[in-house]
A.B. asks: 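One structure, as C-alpha cells, below. Some questions next.
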Amino acid sequence: MKAQIVENRTVRANLGFDKKIEDAKKILDNAGLTGAFLKEAYKNGKTPVDVLREHALCNNKKNGKPPKKAEQDPVFNAIIDEWCAQAETIEVLNKKIKRLQNKVKKQQARIKELEMK
Amino acid sequence: MSAAPYPIKTEDELVFSFVSEGPRGRIKKVVKYQEFSPGYFNLAFGDQVQNGGSTAIDDKASSDNGDMKKVLATVISTLELFFEKRPECAVLFKGSTPGRTLLYHRIIKNYRHLFGEALYIYGGTEEILIQTFFPEKEYQFFWVAKFPLI
C-alpha cells in the first residue's frame with residue numbers, strides 16, 4: 001500500500017514538472033519572447049537579464065496599467081496567515097524543546113557524576 | 001540571514017538536496033533548476049520521492065515539518081550557489097496550484113528580508129511579465145535574478 005502511494009506521488013511529480021516547463025515556456029511566448037526571439041537576442045550577445053530588462057522597460061511603460069490588486073479573500077488570507085503563524089510557533093517550540101532536552105541531558109550527566117562520587 | 005540554512009548537498013550543478021528535520025522526521029528535499037529556454041530556468045522544489053531506481057520531486061507535498069523559515073533560507077542558499085555560476089540568467093518559479101502560488105506570495109511577503117541584498121525578486125502576471133514585487137498585489141509567478149530587472 002505504501003509503495004503504491006509513493007509510486008502515485010512519483011507519477012504526479014513527473015507530470016507536474018513537464019507541465020511546469022511547458023507553462024514557463026508559454027509565459028515567455030505570451031510576452032512575445034518566443035524561442036526565435038531569444039535565439040536572436042542570444043546571437044546578439046544579450047543575456048537573459050538584458051532581455052528581461054529591455055522587455056520590462058518597453059512593455060511596462062507601454063502597458064501603463066497598474067498590476068491587478070490582490071483579490072481579497074479574507075477566509076483564505078486568514079488561513080494562510082494562521083498557517084504561517086503556526087509554522088513560526090512550531091519552529092520556536094522546536095527550538096525550546098531542543099534547549100530543554102539539552103538541559104535535561106546536562107542535568108542527567110550531573111546526576112550521574114554525583115552518584116559516582 | 002536570520003535563519004541558518006540546512007547543509008546543502010550538490011547533486012550536480014543544477015540539482016541541490018538537503019534534509020529537513022522536524023517533528024515529522026527527516027524529509028529529503030530537492031531543489032532543481034530546469035532550463036526551459038537558454039538562460040531561463042524554472043525552479044522546481046519539493047520532496048524527493050523514490051520509484052524503484054529513479055527519483056522524482058513531489059512539488060505538491062506538504063511536509064509541515066515546522067521549519068519553513070529554515071527551508072526557505074536553504075532554497076535561497078541554492079539560488080546564491082546557482083547565480084554564482086550563472087549570474088546573467090533568470091529564474092522563474094510558480095506554485096503547482098494557484099493556492100500554492102498564493103502561499104509562495106505570502107511567504108515572500110513575510111520573509112522577503114531573507115533574500116537579502118544579493119538577489120532581486122519580482123512578480124509577474126499574464127499582462128505584465130515582470131513587475132516590482134508589492135506585498136498587496138497578486139502575481140501568477142515570480143522571477144529571481146542576481147541583477148535588477150527593472
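Letters A, B, ... are given to chains in the order of the sequence lines, protein chains preceding strands, and every chain is numbered from 1.
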A.B. asks: Which answer fits A:L38, side chain, backbone, both or neither, if we ask what part of it has an atom under 4.5 Å from a heavy atom of chain B?
C.D. replies: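 For A:L38, side-chain heavy atoms alone lie under 4.5 Å from chain B.
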A.B. asks: Has A:K39 got its NZ or CZ under 6.0 Å from the middle of the six-membered ring of A:Y42, at an angle within 45 degrees of the ring axis?
C.D. replies: no
A.B. asks: Measure distances from B:N110 to the heavy atoms of chain A and classify the residue's part below 4.5 Å as side chain, backbone, both or neither.
C.D. replies: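 The answer is the side chain of B:N110.
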A.B. asks: Is it true that B:T125 and B:Q140 share a donor-acceptor pair across their side chains at a distance under 3.5 Å?
C.D. replies: no
A.B. asks: Which residue out of B:G124, B:C89, B:A145 racks up the most heavy-atom pairs below 4.5 Å with chain A?
C.D. replies: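 Of the options given, most contacts go to B:C89.
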A.B. asks: At a heavy-atom distance under 4.5 Å, which candidate from A:V51, A:D50, A:L52 has the highest pair count against chain B?
C.D. replies: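 The option with the most such pairs is A:L52.
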A.B. asks: Mark yes or no for whether B:Y6, through its side chain, and B:E21, through its backbone, hold a donor-acceptor pair below 3.5 Å.
C.D. replies: yes
A.B. asks: Go through the steps to decide whether B:F142 and B:H105 satisfy the test side-chain contact (heavy atoms from CB on, under 4.5 Å), and finish with yes or no.
C.D. replies: CA-CA 9 Å; B:F142 305 93; B:H105 180 279; 3.7 Å; yes
A.B. asks: Would you mind checking which part of A:L93 comes under 4.5 Å of any heavy atom in chain B, side chain (CB onward), backbone (N, CA, C, O), both or neither?
C.D. replies: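 Neither part; nothing is under 4.5 Å.
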A.B. asks: Which answer fits B:I130, side chain, backbone, both or neither, if we ask what part of it has an atom under 4.5 Å from a heavy atom of chain A?
C.D. replies: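 For B:I130, heavy atoms of backbone and side chain both lie under 4.5 Å from chain A.
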A.B. asks: Measure B:F141 against the heavy atoms of chain A and call it side chain, backbone, both or neither at under 4.5 Å.
C.D. replies: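 It is the side chain, since no backbone atom gets that close.
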A.B. asks: Between A:K112 and A:E115 (salt bridge meaning N to carboxylate O under 4.0 Å), is one present in this structure?
C.D. replies: no
A.B. asks: Assigning hydrophobic clusters by single linkage (Ile, Leu, Val, Met, Phe, Trp, Tyr; side-chain heavy-atom cutoff under 4.5 Å), is B:V30 placed with B:V19?
C.D. replies: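 They do not share one cluster, since no chain of ILVMFWY contacts under 4.5 Å joins B:V30 to B:V19.
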A.B. asks: Between A:A31 and chain B, which part of the residue has a heavy atom less than 4.5 Å away: side chain, backbone, both or neither?
C.D. replies: side chain
A.B. asks: Given side chains that start at C-beta, do those of B:Y33 and B:T78 come closer than 4.5 Å, heavy atoms only?
C.D. replies: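 B:Y33 vs B:T78: side chains touch.
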A.B. asks: Please identify, among A:K26, A:H55, A:E54, the residue contributing the most non-hydrogen atom pairs under 4.5 Å to chain B.
C.D. replies: A:H55
A.B. asks: Top residue by heavy-atom pair count (under 4.5 Å) with chain B, among A:V49, A:N30, A:L33?
C.D. replies: A:V49
A.B. asks: Would you confirm whether B:T101, through its side chain, and B:G95, through its main-chain N or O, come within 3.5 Å as a donor-acceptor pair?
C.D. replies: yes
A.B. asks: Just give me the residue among B:I150, B:L129, B:D67 that pairs up with chain A most often, heavy atom to heavy atom, under 4.5 Å.
C.D. replies: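 Looking at each of B:I150, B:L129, B:D67 in turn, B:L129 comes out on top.
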